Amino acid sequence: SPARNREDVLLWRALHDVKRGRYIDLGAAGPVTDSVTYAFYQRGWSGINIEPVQTYFEQLQDERPRDVNLNIGAGAETGKATLHELIGTGLSTFNSGEAKRLAKAVGCEVKRAPMQIRPMGEICREHHFETAHFLKVDVEGMEEQALRGFDFDYCRPWVVVVESTIPNSRV
């Protein structure tokens with residue numbers, strides 16, 4: 001299992017009968033390491049990956065041609081926000097307070113960049129994505145905003161997996 005907490009194993013137990021299913025991955029990170037969707041992609045599934053970190057986005061573009069890969073953030077409404085990327089950690093957040101806390105905890109530099117934010121309801125409509133067998137949300141403190149931007153009347157995932165810990169902790 002490439003997923004950090006074996007979420008893909010639990011999802012596969014629930015969804016193994018679905019052939020060529022679809023997923024939405026908010027905070028996708030890279031295409032393989034720590035990926036909840038990699039095992040599904042290998043089995044013919046495809047989906048939408050939202051990844052604001054440029055390096056990860058480029059890797060997704062190269063290695064996931066069946067997927068829709070977007071270099072943006074997911075939020076409650078369309079706008080702009082500052083992405084705080086914690087260099088060398090694989091972590092990023094739109095929450096400046098959380099970025100400071102994480103940078104201090106792991107001892108790293110923070111790179112800031114403006115980033116477009118869009119609601120997933122718009123994105124799903126734009127890509128005619130009416131069915132998602134699962135939705136994974138791991139957006140380092142922006143989970144509520146990302147979920148508020150989802151239109152569950154248009155696309156209602158069968159299973160929703162949301163990171164519910166303080167980023168980079170067990171709390």
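All values derive from a computational prediction rather than experimental measurement.
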Q.
Under a 3.5 Å distance rule, please check whether E51 uses its side chain to pair with a backbone N or O of A29 as donor and acceptor.
A. yes
Q: To the nearest 0.5 angstrom, please state how far the OH atom of Y154 sits from the CZ atom of R125.
A: 6.5 Å
Q | Heavy-atom side-chain contact between T37 and N49 under 4.5 Å | A | yes
**Q.** Residue pair A132 / I24: nearest heavy atoms and the distance that separates them
**A.** CB-CD1, 3.9 Å
(Q) Is it true that, when you exclude Q42 itself, more than 12 heavy atoms of the residues, nucleotides or ligands shown sit nearer than 6.0 Å to its CD? (A) yes
Q. Would you say the side chain of P157 lies within less than 4.5 Å of the side chain of F152, judging by non-hydrogen atoms?
A. yes
**Q.** Over all atoms of both residues, closest heavy-atom pair of V53 and S92
**A.** CG2-OG, 3.4 Å
**Q.** Side chains of E140 and E163 in contact at under 4.5 Å (non-hydrogen atoms)
**A.** yes
Q: Could you grab the distance from atom OG of S35 to atom CD of E7, nearest 0.5 Å is fine?
A: 10.0 Å
Q) Under a 4.5 Å cut-off applied to non-hydrogen side-chain atoms, are F134 and V160 in contact? A) no
Q) Quick one: does R66's side chain have a donor or acceptor within less than 3.5 Å of a partner on Y41's backbone? A) yes
**Q.** Heavy-atom closest pair, residues G90 and Y56
**A.** CA-OH, 3.1 Å
(Q) Let's go through T89 and L102 carefully: what are the C-alpha distance in whole Å and the side-chain angles of both, what is the deciding distance for side chain to side chain contact (heavy atoms under 4.5 Å, CB included) to 0.1 Å, and is it a yes or a no? (A) CA-CA 10 Å; T89 69; L102 287 167; over 6 Å; no
Q) Which heavy atom of A146 sits nearest a heavy atom of V139, and at what distance? A) CB-CG2, 4.3 Å
Q) So, E143 side chain and G141 main chain: donor-acceptor pair closer than 3.5 Å or not? A) yes
(Q) Let me confirm one number: the SG-CZ distance from C155 to R22, rounded to the nearest 0.5 Å. (A) 8.0 Å
**Q.** Partner set under salt bridge (Lys or Arg N to Asp or Glu O under 4.0 Å) for R64, not counting sequence neighbours
**A.** D67
Q. Other hydrophobic cluster members with V9, side-chain heavy atoms of Ile/Leu/Val/Met/Phe/Trp/Tyr under 4.5 Å, chained?
A. none
Q. Under 3.5 Å, side chain of K136 to main-chain N/O of G27, donor-acceptor pair present?
A. yes
Q: Output yes when a side-chain donor or acceptor of N71 lies under 3.5 Å from a complementary backbone atom of P52, and no otherwise.
A: yes
Q. Would you call the rings of W158 and H133 parallel, tilted or perpendicular if under 30° counts as parallel and over 60° as perpendicular?
A. perpendicular
Q) Are Y38 and L60 grouped together when hydrophobic residues (ILVMFWY) are joined by side-chain heavy atoms under 4.5 angstrom apart? A) no
**Q.** Nearest non-hydrogen partners of G149 and P119, listed with the distance
**A.** O-CB, 3.4 Å
Q. Are any of the side-chain heavy atoms of P2 and D8 separated by less than 4.5 Å?
A. yes
Q.
Could you check whether any side-chain heavy atom of C108 comes within less than 4.5 Å of a side-chain heavy atom of L91, counting everything from C-beta outward?
A. no
Q: List the steps, then state whether salt bridge (charged side-chain N to carboxylate O under 4.0 Å, His left out) holds for E98 with R101.
A: CA-CA 5 Å; E98 190 58 33; R101 183 191 73 78; 2.5 Å; yes
Q: Dump the intermediate steps for side chain to side chain contact (heavy atoms under 4.5 Å, CB included) on R148 and E144, then the final yes or no.
A: CA-CA 6 Å; R148 287 187 186 278; E144 181 179 351; 2.6 Å; yes
Q: Please test L15 against Y23 for side chain to side chain contact (heavy atoms under 4.5 Å, CB included), starting from the C-alpha separation and ending with a verdict.
A: CA-CA 11 Å; L15 301 170; Y23 49 78; over 6 Å; no
(Q) Is the shortest side-chain heavy-atom distance between M120 and I48 below 4.5 Å? (A) yes
(Q) Taking CD in E77 as the centre, count heavy atoms belonging to other residues, nucleotides or ligands within less than 6.0 Å. Is the count above 12? (A) no
Q. Atom SG in C124, atom CZ in R156: separation rounded to 0.5 Å?
A. 13.5 Å
Q | Separation of K111 NZ from L83 CG (nearest 0.5 Å) | A | 8.5 Å
Q) Under 4.5 Å between side-chain heavy atoms, hopping through other hydrophobics if needed: is there a path connecting W12 to V159? A) yes
Q. For the atom pair CD1 (I123) and CD1 (I72), what is the distance rounded to the nearest 0.5 Å?
A. 3.5 Å
Q: Write down the atom of I117, the atom of K80, and the distance for their closest heavy-atom approach.
A: CG1-C, 4.2 Å
Q) Are V36 and V137 grouped together when hydrophobic residues (ILVMFWY) are joined by side-chain heavy atoms under 4.5 angstrom apart? A) no
Q) Any link between V161 and L147 through a network of hydrophobic side chains (Ile, Leu, Val, Met, Phe, Trp, Tyr) touching at under 4.5 Å? A) no
**Q.** Connected via hydrophobic side-chain network under 4.5 Å: F57 and M115
**A.** no
Q: Taking the side chain as every heavy atom from C-beta outward, state whether L135 and F150 have any pair of such atoms under 4.5 Å apart.
A: yes
